[in-house]
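A short worksheet on the structure shown next.
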Amino acid sequence: MNQYLSLYCELLKKHGQPKDQWGLWCRRPKTKWQREEVIIGAILTQNTNWQNVKKAITNLKQVKKCSLKLILELDLQKLEELIRPSGFYKTKARYLQGVTEYILKSGGVTKLMKCDLVELRSEILKLKGVGPETADSILLYALDMPVFVIDEYTRRLVKVRGWLEHQSSKLNLEPTDRFDYEYLRKLFEENLPKKFELYQDLHALIVVEGKQAGRKVIK
DNA sequence: AACCAGGAGAGAG
DNA sequence: CTCTCTCATGGT
């Protein structure tokens, strides 16, 4: 068992199955509407506390079911007003409508799940408001595709545990490249069985662990 | 009362 | 390609 799998076992033992802490995101199986809500949440949570996102989603549900159809039905100003608690509400409202338009035009979430992973990833990365982390969160948690999500918690963990110390010199990488998004993503994916359930749980556990650890050892 | 949380786009150099 | 600025709310 390599260090990535032992990390999973260690965190699983410590925190348990990350279902309740992560609400919908780690729930399996998911309904179509739960998948849509995860996509909406993935945009809303950008650089924002999850507590604020919950308020925004509650506001949306108060109007109607939190779905992609609702996002398109609402006019921009109304949507802005509803998601205001999540911050950056004007830009996020536009992001949401753009992403929603693309998904519905492509045939909806169920259709997307049958697409080729690599192609779909490069397609949604072109959408405004969808960077690497948001794209992979959507692919992994909404569409059950095996992509590992890299975030600040993952970077810190890799840094703190010194996992890249001897590999970086071996591969002759510049210090800035060692924590590059794509590099870290491939590192995790190459060292773990390609299963979306494992990716979902491990990433969630890393976040839970990271939050609990706080920012005491970081620099 | 700063500081920051499941980031990303746009512009400059 | 790598900085730096901007977008904004709510909790410590």
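Labels below follow one simple rule: chain letters A, B, ... track the order of the sequence lines, proteins then strands, and each chain is numbered from 1.
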Candidate nucleotides [options], ranked by approach to the side chain of [X] - the nearest:
X: Phe88(A); options: dG10(C), dG6(B), dA8(C); answer: dA8(C)
X: Lys90(A); options: dG11(C), dA8(B), dA8(C); answer: dA8(C)
X: Tyr95(A); options: dG11(C), dG7(B), dG9(B); answer: dG9(B)

Starting at [atom1] of [X] and ending at [atom2] of [N], how long is that distance when rounded to a whole Å?
X: Glu133(A); N: dA5(B); atom1: CD; atom2: C1'; result: 11 Å
X: Asp136(A); N: dA8(B); atom1: CG; atom2: C1'; result: 14 Å
X: Ile150(A); N: dA8(B); atom1: CD1; atom2: P; result: 12 Å
X: Lys128(A); N: dA10(B); atom1: NZ; atom2: C1'; result: 11 Å
X: Glu81(A); N: dA8(C); atom1: CD; atom2: P; result: 15 Å
X: Tyr89(A); N: dG10(C); atom1: OH; atom2: P; result: 10 Å
X: Lys55(A); N: dG10(C); atom1: NZ; atom2: C1'; result: 5 Å
X: Leu96(A); N: dG7(B); atom1: CG; atom2: P; result: 15 Å

Side-chain touch [X]/[Y], heavy atoms, less than 4.5 angstrom:
X: Gln200(A); Y: Phe196(A); value: yes
X: Gln46(A); Y: Glu133(A); value: no
X: Glu37(A); Y: Ile40(A); value: no

For [N] and [M], measure between their [atom1] atoms and round to the nearest Å.
N: dG6(B); M: dT2(C); atom1: C1'; value: 24 Å
N: dC3(C); M: dA5(B); atom1: C1'; value: 22 Å
N: dT6(C); M: dC4(B); atom1: C1'; value: 16 Å
N: dA1(B); M: dA8(C); atom1: P; value: 24 Å

Legend entry - Touch class at under 4.0 angstrom, heavy-atom based, for Ile138(A) against every strand present: nothing

Inset, instruction - Identify whether any heavy atom of Thr91(A) sits under 4.0 Å from a base atom; if not, whether one sits that close to sugar-phosphate; answer base, sugar-phosphate or nothing. - result: sugar-phosphate

Inset, instruction - Heavy atoms only: give me the nearest Ile83(A)-Tyr89(A) pair and the separation to one decimal. - result: CD1-O, 3.5 Å

Legend entry - Contact residues, residues 39-53 of chain A to DNA chain B [heavy atom, < 4.0 Å]: Thr45(A), Gln46(A), Asn47(A), Thr48(A), Asn49(A), Trp50(A)

Inset, instruction - Classify the angle between the aromatic ring planes of Phe148(A) and Tyr199(A) as parallel (below 30°), tilted (30 to 60°) or perpendicular (above 60°). - result: perpendicular

Legend entry - Short N-O contact, Lys64(A) and Glu73(A), less than 4.0 angstrom: yes

Between [X] and [N], is there a contact of a side-chain N or O with OP1 or OP2 at under 4.0 Å?
X: Lys54(A); N: dA5(B); result: no
X: Tyr153(A); N: dG6(B); result: yes
X: Thr134(A); N: dA8(B); result: yes
X: Lys92(A); N: dA8(B); result: no

Legend entry - DNA chain B: 5'-proximal contact among Gln21(A) and Gly129(A) (nearest heavy atom): Gln21(A)

Inset, instruction - Tell me which of Val130(A) and Trp22(A) sits closer to the 5' end of DNA chain B, going by the nucleotide each one is nearest to. - result: Trp22(A)

Legend entry - Name of the residue among Lys195(A), Arg28(A), Arg35(A) meeting salt bridge (Lys or Arg N to Asp or Glu O under 4.0 Å) with Asp144(A): Arg35(A)

Legend entry - Check: Trp50(A) ring centroid to Trp22(A) ring centroid under 6.0 Å: no

